[in-house]
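What follows is a short report on a single structure.
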4 protein chains.
Amino acid sequence: MKQTKPKYMQIIDAAVIVIAENGYHQAQVSKIAKQAGVADGTIYLYFKNKEDILVSMFREKMGEFIEKIEAEIKSETTASNKLYALIKTHFSLLAADHHMAIVTQLELRQSNKELRLRINEVLKGYFNVIDHIIKTGMDSGEFNPIINHRIARQMIFGTIDEVVTTWVMNEQKYELEKQVDPVHALIVNGFANKNK
Amino acid sequence: MKQTKPKYMQIIDAAVIVIAENGYHQAQVSKIAKQAGVADGTIYLYFKNKEDILVSMFREKMGEFIEKIEAEIKSETTASNKLYALIKTHFSLLAADHHMAIVTQLELRQSNKELRLRINEVLKGYFNVIDHIIKTGMDSGEFNPIINHRIARQMIFGTIDEVVTTWVMNEQKYELEKQVDPVHALIVNGFANKNK
Amino acid sequence: MKQTKPKYMQIIDAAVIVIAENGYHQAQVSKIAKQAGVADGTIYLYFKNKEDILVSMFREKMGEFIEKIEAEIKSETTASNKLYALIKTHFSLLAADHHMAIVTQLELRQSNKELRLRINEVLKGYFNVIDHIIKTGMDSGEFNPIINHRIARQMIFGTIDEVVTTWVMNEQKYELEKQVDPVHALIVNGFANKNK
Amino acid sequence: MKQTKPKYMQIIDAAVIVIAENGYHQAQVSKIAKQAGVADGTIYLYFKNKEDILVSMFREKMGEFIEKIEAEIKSETTASNKLYALIKTHFSLLAADHHMAIVTQLELRQSNKELRLRINEVLKGYFNVIDHIIKTGMDSGEFNPIINHRIARQMIFGTIDEVVTTWVMNEQKYELEKQVDPVHALIVNGFANKNK
DNA sequence: TATGAATGAGCATTCATTCAT
DNA sequence: CATGAATGAATGCTCATTCAT
């Protein structure tokens, strides 16, 4: 079969593999080109520079990621269930793609401030999804109306991110998906013992 | 006045400033030496190599950081109040030291995997403090006995870290200390509307 | 005229010139690159590292050296004449290439033990040529059958080397080729006065 | 017992040990100072600079060396016997002092051209001894009157030096003193088969 | 479009020497 | 005489990017 996949995605997929297997600082352009089966110079026909590969990679992959999460959330009605679906889908997708888990949680964070700001731009799409869930809960009275919207978002993202990062750092030894319930419970109910 | 401060701390303090102001990848040893007011070679009388400067810096600063937080927590009795003191002290210390805030939240994360593992070792001391608070709350019945201990720790750290990082990325434009109450409330009470 | 000479030899020739004119310890890679008319980085497309330049240089030049000597020896029949051809060709080649004379006799000896061992490997080819002459003389009865083969080889090489080194150290002020006859005579006949 | 040995010789002896055990390029001044049991700065009260240590070391040790050889030669009458005594003493002294053998045959040759020229100055004392033997042999008619004086000296020194260097490079695995007879025989009688 | 040889800026570290004590 | 902390110059190698083909 002739290689029909456009070179653009071919290079992005190569970048994920190379970064996951070699680490951010060992992911030279020439290595990515070799993995993609193209010449070094060809990279520059599709990307402005190395940073552009990384940002594009993150944008493409994060785009798919968000789409899938949105699809799962849509069918849920309550905010709590939507949040559950978000956590579950987030964990499942990363558990199913070890390379992406390593790249997003460990390797891409080694990039410089400028690149991280551009990555944060991409993350805004994800933040919007979280914001939508929070708004749903506030509007329906399901969530406490006095909670700070921005802090709520940062807690959801911060918690999910820390849980995944710890899991990746522990070399994905345990089942990430088993953490969905306790994470969801903790976010919705907090630490307080209401039976007391 | 004669310079009496031992050169070891002098160099570490210089490293904080240079990294905060120039970024991790622009923090050359010669720049640190210049900032510290010593010759390049003098650095190597006190540190094995560049990585040793960074790990030592993190260990020294994180040590002080944890000591101060422990001191504030000790005088509190309930787990909720201890948690409040932790968040408050954490935010206050970083708000008071812009350089350290930039270095810990943005720059040091650009280091390679090996260095980050060594930094994580130092962080374990902080995790222990969080663990102690959770245990206090569990033992006293203040916290819900069914919550997952590890996830609880990851939520506390993940939330605090995300809030601080966002604040640093927004160039510390708003008052970090105003976030103490909502962060604490959200962790303790969760999202659920109990009046409903 | 377009530069058609392959860069590999271009760099090796540059290394000979730079080392001869600046000395072993002043022969920086950047200086060799400049002399070769290429960029510093280009060196590393053809050589693994600096040591590789030096070993390759010695191997290439010594290879030519040995080939030429072998060619001259082949047409001689007696061992004595073969030895004469070896000494004559050895002296002539170095007298004709002042740079190589300086590099082999003075500069390359300053290299570290590891590099010198690798250089000695290359020298074995030369020792084989000497060994062949000795064997020829022994087999034909031309040379005294009781002489120690290894010592004989060391005498031939040690004498030639010392004569050339002295000549180079005296800045090649006298004619090296005038030494061919006395060196040959001394090796073949020894010191003893047979007329006595 | 108080250390009465003057520091000058103490430092020279330390230099021999450090160079022999670590190699020329790993023989830092601080290492020599430590081995000698003095402070780095103390070295500079007795020697102008590092090169001065090495030249002084060679001069002192070579001085002893030559004295011992001269003493052995004096009691011999014929040139051949004097030459035999020289070779024998040369080999015996180096076989008895492994450190000096390594330093003179391998390590000191790694020094730069300037230092080697100064070392050659010291060697002239040794050359004088050889010259004296040659002259003795010429005057008595024992040696062939037509041999070139300078070449004869270079042959003797070059052969002895090559034999010793090969022995050191082979890690002194065989008995150097067993080579005295064949080396002497070869120098005096040459290669030619006189029975033929 | 695609190639890949060539480019050249940038930096951690060592160690001989000094000099205040 | 003796110390040893401090100095600072000097260099091999990598890799993102270009451009002639």
Side-chain angles (χ1 to χ4, degrees), chain A residues 6-8 11 25-34 36-54, chain B residues 2-3 6-8 10-11 25-34 36-54, chain C residues 2-3 6-8 10-11 25-34 36-54, chain D residues 3 6-8 10-11 25-34 36-54:
Chain A
K7 286 210 168 57
Y8 175 80
I11 292 166
H25 290 294
Q26 280 307 304
Q28 294 88 348
V29 171
S30 63
K31 228 178 244 171
I32 295 172
K34 194 171 190 181
V38 300
D40 293 16
T42 306
I43 299 269
Y44 291 87
L45 299 175
Y46 296 91
F47 300 91
K48 200 153 54 72
N49 50 35
K50 188 180 180 181
E51 183 177 310
D52 191 28
I53 308 175
L54 303 175
Chain B
K2 212 176 88 193
Q3 179 68 47
K7 287 210 166 55
Y8 176 80
Q10 204 173 319
I11 292 165
H25 289 294
Q26 280 307 305
Q28 295 88 346
V29 171
S30 63
K31 229 179 246 172
I32 295 173
K34 196 171 189 180
V38 301
D40 291 17
T42 306
I43 299 269
Y44 293 87
L45 297 177
Y46 296 91
F47 300 92
K48 202 153 52 68
N49 50 35
K50 188 180 179 181
E51 181 177 312
D52 191 29
I53 307 175
L54 303 174
Chain C
K2 212 177 88 193
Q3 177 68 48
K7 288 212 165 51
Y8 176 80
Q10 204 171 320
I11 292 165
H25 290 292
Q26 280 307 305
Q28 294 88 347
V29 172
S30 61
K31 226 177 247 172
I32 295 173
K34 196 170 189 182
V38 300
D40 291 17
T42 305
I43 299 270
Y44 293 88
L45 297 176
Y46 296 90
F47 300 90
K48 204 153 50 69
N49 49 36
K50 187 179 177 181
E51 180 177 314
D52 191 27
I53 306 174
L54 303 174
Chain D
Q3 177 67 49
K7 285 209 169 57
Y8 176 80
Q10 207 172 316
I11 292 166
H25 290 294
Q26 281 307 305
Q28 295 86 352
V29 171
S30 63
K31 226 177 244 171
I32 295 172
K34 197 172 188 179
V38 301
D40 292 17
T42 306
I43 298 268
Y44 292 87
L45 299 176
Y46 295 90
F47 299 91
K48 198 152 55 72
N49 51 34
K50 188 179 178 182
E51 183 176 311
D52 191 28
I53 307 174
L54 303 175

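Here the structure is a predicted model, which is why all the values come from computation and not from measurement. FYI, side chains are in, hydrogens and waters are out, and symmetry mates aren't considered; it's all heavy atoms of this structure. Proteins get letters first, then strands, A, B, ... in listed order; numbering begins at 1 in each.
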Looking only at non-hydrogen atoms, find the nearest pair between [X] and [Y] and report the distance.
{"X": "B/Ile43", "Y": "B/Ile32", "value": "CD1-CG2, 4.2 Å"}
{"X": "D/Ile11", "Y": "D/Tyr46", "value": "CD1-CD1, 4.1 Å"}
{"X": "D/Ala33", "Y": "D/Asp40", "value": "CB-OD1, 3.5 Å"}
{"X": "B/Gln26", "Y": "B/Lys31", "value": "O-NZ, 2.9 Å"}

Specify the separation, in whole Å, of atom [atom1] of [X] and atom [atom2] of [N].
{"X": "A/Asp52", "N": "F/dT17", "atom1": "CG", "atom2": "P", "result": "10 Å"}
{"X": "B/Ile43", "N": "E/dA12", "atom1": "CD1", "atom2": "P", "result": "11 Å"}
{"X": "A/Ile11", "N": "E/dA2", "atom1": "CD1", "atom2": "P", "result": "9 Å"}
{"X": "C/Lys34", "N": "E/dT7", "atom1": "NZ", "atom2": "C1'", "result": "16 Å"}

Interatomic spacing from NZ in A/Lys50 to CG in A/Asp52 - rounded to 0.5 Å: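 Result: 13.0 Å between the selected atoms.
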Distance in Å, C/His25 NE2 paired with D/His25 NE2, rounded so as to fall on 0.5 Å steps: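 One gets 4.5 Å once the value is rounded to the nearest 0.5 Å.
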Contacts of B/Phe47 that satisfy ring-ring contact (aromatic ring centres under 6.0 Å, His included) - sequence neighbours left out: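 Partners of B/Phe47 under the ring-ring contact (aromatic ring centres under 6.0 Å, His included) test: B/Tyr8.
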Duplex segments of DNA chain E, taken as runs of at least three Watson-Crick or G-U pairs that stay under 3.5 Å: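 Consecutive-pair runs (3 or more) involving DNA chain E: E:2-21 with F:2-21.
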Heavy-atom protein contacts under 4.0 Å, nucleotides 5-15 of chain F, coded B base, S sugar-phosphate only, - none: -BBB--SSBBS
